[in-house]
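See structure below.
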Amino acid sequence: MIRARGTRVVSVLEARRAAVREALHAALAAAVSAGDLPTVEVPAQVAVGEPRDRSHGDLSANLAMLLAGPSGRKGRDVAAILLRHLETGRIPGCARAEVAGPGFLNFFLEPGWLSPVVQEVLAAGDAYGRSDCGGSRRILVEFVSANPTGPLNVVNCRAAAFGDALIRCLRAIGYVAEAEYYVNDAGGQVRKLGLSLEARLRQLRGEAAQVPEGGYPGAYLEDVARAYADAHGDAVLREPEDVRVATLAEYAVEHLLAEQRAVLERFRVSFDHFVRETAIREHGAPERVVERLVQLGRTQERDGALWLCTKASNEDNDDRVLRKRDGSFTYRVPDIAYHAEKFDRGYDRLIDIYGQDHHGEVPAVRLALQWLGYPVERLEVLLTQMVRLVRDGRDAGRVSKRGGNFIAMRDFLDDVGVDPARYFFLMRTIDTHMDFDIDLARSQTQDNPVYYVQYAHARICSILRQAGAAGIPGVPAAVLDHPAEALLCHCLATYPAEVRAAAEGRAPHRLTAYLRTTAERFHTFYVQCRVIGEEPARAAARLALCQATRQVLASALGLLGVSAPERM
RNA sequence: GCGCCCGUAGCUCAGCUGGAUCAGAGCGGCCGACUUCUAAUCGGCGGGUCGGAGGUUCGAGUCCUCCCGGGCGCGCCA
């Protein structure tokens, strides 16, 4: 490991890239002063990447192609000129460089040049892959936020896995990220919930009550009714209607919310804040939002209702009602007030994770917030696409929060297991309309990719146990120059960048791809390279590689909230 | 009709911030490998005009336009 500029640690990969970059700049200067190239502006971003195909070298630069336009020459010609002026001696361990393709300069380094990364990983320990890119900036991530009118389902499961993994990734790169759940515990739906519970309670007493039209007919309210009766009897039924409904609605909300929290906890998803709509309404925030929007001239009275004039903005395709004819607010008013309140709490960035079926509401909320003077550019709305259920190879109906066809998250976890469920959802981008094969999920034991990765971890643990018993030290006693070792080292070296990309790109699914590649390379290494029984220096070096690989696998799995078993 | 998302191998999906050395993985199919650190593994074979057509560029799966196909929204429901 090389220390440069104070305490900043530069990895062997970064250091070698920097050396290539510097050598290229020197070559360019030499070429210009020799008159081989016209004076050109040096591009700010000279990419020094790692080619996928190993026959293309270890590092690759696109500088010549960037200069092709400005210098009026072909990329290949510029590359040849640069190569002529290039002093490969400036790059440690550089055996040769060559021109390839449309003008790439490819650099071939000595075998095993990435070996030092093993010590970097082991020295950094759990901190390897973490960074302070976020600079302790505060991010609030709101997700799941399901209505407290029923159990969570598979769609919520997708959002939960994504939001939680994203938060873990953001924290890993130095953001102060907080998880928030917004509880819609007010409004017409909650009243209907109370009425539905009342019907169930009456049914318990043998009355011929019916769950009202537009209510919640799910069987789960029968359980809630029994729980209520056990705790409080049925005296509430003799109260006046408004007291009756409010009491039962509140009970149902608390009961269902507790169930939601329990299943989320089981799914390893925890929230820092549960913010309730009733709390937002309590001090008149919705009224103030409407007043200000009226004062700002962004509203219009029409047909007895108050409308937000969003259509004129070109960002929404219709105006939206704020206050209904009956005088009550639509759900979007407390929604706007809630977002205003989130801004007021002083976060540097707000992230909302919603289902695609709510995307139509986003423009109105954004516009209202913008008009109210909030910095909406700091609000990111991420939409998770729908999940299509497939059973017996056929469409088993779409899953939406409002559709009747859903699988409860609790049952889903019983079938599939937490690790596979999390991994399964995190393998795909949230933009994908994913097919969820119920049969495959049920049978997933060996086919699920999560086991492939976990197995690599368990295999390493087995080696570590036996090597420990054999007294083999894990130290860099030899250069790791076997092709399988080199590929594995490369995975270790790119891990920090991968974590950062996952966090900043809001794309934790990148880590599942990374894990697969790393596990695959370990399995290949396992078959091709033995640890125990090799001559001592090589055994020690390979053992260190195993330790470093285990550490990175465990770290990446941890960012996804998936366990890293020591035995399987 | 309008808005958002998607269209890549038989199936399910990757392909990072405005392109290059990007056509991939897994599963399924076929053939091989357990007396040595876990075979939940490894090696090999076959498989795609990247929905279509234009455009920008030295270069497009990736960017722009249009078209086709699918999903979801477009409630004084949330």
Item to check | Atom-to-atom span, CE of A:Met386 to P of B:rC5 - whole angstrom | outcome: 14 Å

Item to check | Between B:rU62 and B:rG52 - P atom distance, rounded Å | outcome: 10 Å

Checklist entry - Hey, which of these two, A:Thr524 or A:Lys192, hits RNA chain B nearer its 5' end, going by closest nucleotide? => result A:Thr524

Checklist entry - Nearest to the side chain of A:Tyr451, which nucleotide is it out of B:rC72, B:rA40, B:rC42? => result B:rA40

Item to check | Most 5' of A:Ala519 and A:Asn106 on RNA chain B, judged by nearest nucleotide | outcome: A:Asn106

Next on the checklist: Using atom P in both nucleotides, what's the gap between B:rC13 and B:rC72 to the nearest angstrom?
Outcome noted: 15 Å

Checklist entry - What does B:rG46 pair with, Watson-Crick or G-U, if both distances are under 3.5 Å? => result none

Checklist entry - Between atom CE in A:Met568 and atom C1' in B:rA39, what is the gap in whole Å? => result 13 Å

Checklist entry - Taking any strand in view, what nucleotide pairs with B:rU35 in a Watson-Crick or G-U wobble way, both distances under 3.5 Å? => result none

Next on the checklist: Could you go through A:Arg500 and A:Glu504, starting from their C-alpha distance and side-chain angles, then the distance that decides it, and tell me whether this counts as salt bridge (charged side-chain N to carboxylate O under 4.0 Å, His left out)?
Outcome noted: CA-CA 6 Å; A:Arg500 189 175 172 181; A:Glu504 292 180 339; 3.2 Å; yes

Checklist entry - Any chance the side chains of A:Gln454 and A:Asp419 put a donor and an acceptor closer than 3.5 Å? => result yes

Checklist entry - Is B:rC34 syn or is it anti, if syn means the base angle is within 90 degrees of 0? => result syn

Item to check | Base-pairing mate for B:rG3 - Watson-Crick or G-U, with both contacts under 3.5 Å | outcome: B:rC72

Next on the checklist: Using OP1 and OP2 only, check whether a side-chain N or O of A:Tyr354 sits under 4.0 Å from B:rC5.
Outcome noted: no

Checklist entry - What's the closest nucleotide to the A:Val321 side chain, out of B:rA14, B:rC76, B:rU21? => result B:rC76

Next on the checklist: On the side chain of A:Arg510, is there an atom forming a donor-acceptor pair with the base of B:rC16 - under 3.5 Å, no angle test?
Outcome noted: yes

Next on the checklist: In whole Å, measure the gap between the P atoms of B:rA14 and B:rU8 for me.
Outcome noted: 11 Å

Next on the checklist: Could you tell me how far B:rU49 sits from B:rU57 if I compare only their P atoms? Round to whole Å.
Outcome noted: 29 Å

Next on the checklist: I'd like to know if the side chain of A:Tyr331 pairs up with that of A:Glu361 as donor and acceptor (distance under 3.5 Å, no hydrogens or angles considered).
Outcome noted: yes

Next on the checklist: Can you tell me which nucleotide in B:rG71, B:rC76, B:rA20 comes closest to the side chain of A:Gln356?
Outcome noted: B:rG71

Checklist entry - For B:rG24, which nucleotide in any strand shown is its Watson-Crick or wobble partner with both distances under 3.5 Å? => result B:rC13

Next on the checklist: Distance criterion of 3.5 Å, no angle test: do you see the side chain of A:His433 paired donor-to-acceptor with the base of B:rC5?
Outcome noted: yes

Checklist entry - Ignoring hydrogens and angles, are the base of B:rG73 and the side chain of A:His358 linked by a donor-acceptor pair under 3.5 Å? => result no

Checklist entry - In whole angstroms, how far is the P atom of B:rG26 from the CG atom of A:Leu426? => result 20 Å

Checklist entry - Should the ring pair A:Tyr182 and A:Tyr338 be called parallel, tilted or perpendicular, given that the plane angle runs from 0 to 90° and is split at 30 and 60? => result parallel

Checklist entry - A:Leu488 CG to B:rC42 P: how many Å, rounded? => result 13 Å

Item to check | Test of ring centre spacing under 6.0 Å for A:Phe412 and A:Phe436 | outcome: yes

